[in-house]
There are 2 protein chains.
Amino acid sequence: MDDLEKYIVKRKGKSKKFAKNFEKGYESFKIGILLRQAREEVGVTQKELAEKLSTKKSAISRIENHAEDIRLSTLKSYLEALGKKLQINIQ
Amino acid sequence: MDDLEKYIVKRKGKSKKFAKNFEKGYESFKIGILLRQAREEVGVTQKELAEKLSTKKSAISRIENHAEDIRLSTLKSYLEALGKKLQINIQ
DNA sequence: ACTTTGGTTCACAAATAGGTTAACTTTGTC
DNA sequence: GACAAAGTTAACCTATTTGTGAACCAAAGT
């Protein structure tokens, strides 16, 4: 079980809603989970992050919970606002 | 000079149009260059790739040349159609 | 010179991501 | 319980990506 899976188990325990939504499809949630994990690691609230990105906390929440897809630029700026870097590899 | 840069030099030599467009901004072209490189490596034409993705060759060309941004799902399926895997890391 | 193949670009339509507001829930603290 | 802070969701709107067809160019082969 890797870190992401551990995190998912933890989050399922914390949020019944998440657990239910999660079953609808792993793939579509994977990126949101990754992003939430990154944000929590840094210890920033959705509101704080939203301000750095000149957007609203609701948009952040949507990305972390709902978003079926995301633009590469959004992904990048989200992470950069957390002081992280996005790395893309092709295998 | 890494592989990507080498490839860019090569492509600048082949296409004046590309060379000119490229100067307008590196960042926005980077992903397209990566994708073209991946496709050429496999030896697939834009038309062949388009068919696998149920789209048209013009859409492929746009992604490789013009596209300012791209959805994660598009990136993923493009690469998977080439038999490659997209790997995302956060640093 | 003509045709074919691979690629580029444009214009328009369709689909979808992201901005925004407002109402709501959850969680923690007093 | 009351309150505040953090997060969620829905609705609407706008901006952007992607689908599509057509016209075009360059290179290669006939």
Side-chain angles (χ1 to χ4, degrees), chain A residues 7 10-22 24-25 27-33 35-82, chain B residues 10-22 24-25 27-29 31-33 35-82:
Chain A
Y7 181 85
K10 186 180 135 204
R11 200 155 145 59
K12 276 183 180 173
K14 276 198 178 178
S15 165
K16 275 207 186 90
K17 226 174 274 182
F18 172 80
K20 199 180 166 189
N21 283 337
F22 186 83
K24 290 187 196 161
E27 275 309 318
S28 48
F29 284 97
K30 215 167 171 182
I31 189 66
I33 296 165
L35 290 179
R36 180 189 298 268
Q37 195 177 212
R39 181 177 57 81
E40 289 184 348
E41 201 180 296
V42 177
V44 170
T45 66
Q46 290 184 344
K47 186 161 179 283
E48 287 165 346
L49 178 57
E51 276 157 12
K52 283 195 187 184
L53 292 169
S54 309
T55 182
K56 303 292 182 296
K57 62 183 178 151
S58 57
I60 304 297
S61 180
R62 180 174 47 201
I63 287 176
E64 295 183 357
N65 290 290
H66 282 320
E68 298 191 0
D69 209 345
I70 188 177
R71 285 183 212 151
L72 208 52
S73 64
T74 306
L75 181 55
K76 213 168 147 190
S77 53
Y78 185 113
L79 289 171
E80 281 172 4
L82 291 174
Chain B
K10 186 180 137 204
R11 200 152 145 60
K12 277 183 180 173
K14 278 196 179 178
S15 166
K16 275 207 186 92
K17 226 174 274 182
F18 173 79
K20 199 179 167 191
N21 285 337
F22 186 84
K24 291 187 195 162
E27 275 308 320
S28 47
F29 285 96
I31 189 66
I33 296 165
L35 290 180
R36 179 188 299 268
Q37 194 177 212
R39 180 176 59 81
E40 290 186 346
E41 201 179 297
V42 177
V44 170
T45 67
Q46 289 183 346
K47 186 162 179 281
E48 287 165 344
L49 178 56
E51 274 157 14
K52 283 198 187 181
L53 292 169
S54 308
T55 182
K56 302 293 181 295
K57 60 180 181 154
S58 57
I60 304 297
S61 179
R62 179 174 48 201
I63 286 175
E64 294 183 359
N65 290 290
H66 283 318
E68 299 191 359
D69 208 348
I70 189 178
R71 287 185 209 151
L72 201 53
S73 63
T74 307
L75 180 55
K76 214 169 145 188
S77 52
Y78 185 113
L79 289 171
E80 281 171 4
L82 292 173

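Computed from a prediction, not measured in an experiment: that's the story for all the values here. Only this structure's heavy atoms are used, side chains among them; waters, hydrogens and symmetry mates stay out. Labels below follow one simple rule: chain letters A, B, ... track the order of the sequence lines, proteins then strands, and each chain is numbered from 1.
Nucleic acid contact class of B:T74 (heavy atoms, under 4.0 Å, all strands): sugar-phosphate only. Heavy atoms of B:S61 sit under 4.0 angstrom from at least one base atom. Contacts of A:S54 with the nucleic acid, taken as non-hydrogen atoms under 4.0 Å apart, involve only primed sugar atoms and P, OP1 or OP2. B:I60 comes within 4.0 angstrom of nothing in the nucleic acid, heavy atoms only.
For the pair B:L53 and B:S77, the tightest heavy-atom approach, listed with the atom from each and the gap, is CD2-O, 3.4 Å.
A donor and an acceptor atom never sit less than 3.5 Å apart when one is taken from the side chain of B:R62 and the other from the base of C:dG7. Judged by atom type and distance alone, B:S58 does not reach the base of D:dG19 through any side-chain donor-acceptor pair under 3.5 Å. A donor-acceptor contact under 3.5 Å is formed by the side chain of B:K57 with the base of C:dG7.
Rounded to whole Å, atom C1' of C:dG6 lies 10 Å from atom CD of B:E48. When rounded to the nearest whole Å, the span between CG of B:L72 and P of D:dT18 equals 11 Å. The distance from atom NZ of A:K47 to atom C1' of D:dA4 is 12 Å, rounded to the nearest whole Å. Atom CD in A:Q46 sits about 16 Å away from atom P in C:dT20, given to the nearest Å. In this structure, the CG atom of A:L75 is 20 Å from the P atom of C:dT16, given to the nearest Å. The CD-P distance, from B:E51 to C:dG6, rounds to 10 Å in whole Å.
Minimum atom distance to the side chain of B:H66 is reached by C:dT9, of the listed D:dT18, C:dT9, D:dG7. When distances are taken from the side chain of B:K56 to each of D:dT20, C:dT20, C:dA15, the shortest belongs to D:dT20. Relative to the side chain of B:R71, the nucleotides C:dG18, D:dT18, D:dA6 differ in distance, and D:dT18 lies closest. The side chain of A:R39 lies closest to D:dG7, out of D:dG19, C:dG7, D:dG7. Listed candidates were C:dT9, C:dG19, D:dG19. Nearest to the side chain of B:A59 is D:dG19. Of the candidates D:dT17, D:dA10, C:dT8, D:dT17 carries the atom nearest the B:D69 side chain, counting heavy atoms from C-beta on.
In this model, the phosphate group of C:dG18 is not approached by any side-chain N or O of A:T55 to a distance below 4.0 Å at OP1 or OP2. Phosphate contact (OP1/OP2 of C:dT8, side-chain N/O of B:R36, threshold under 4.0 Å): present.
You'll find the side chain of B:K52 stays beyond 4.5 Å of the side chain of B:Y78, heavy atoms only.
Each of B:K56, B:E51, B:R36 was evaluated against B:Q46; a single residue qualifies, B:R36, per the side chain to side chain contact (heavy atoms under 4.5 Å, CB included) test. Checked options B:T74, B:I60, B:I63; the residue passing with B:T55 is B:I60 (criterion: side chain to side chain contact (heavy atoms under 4.5 Å, CB included)).
Of the possible polar contacts, one joining the A:R39 side chain to the A:V44 backbone as a donor-acceptor pair under 3.5 Å is found.
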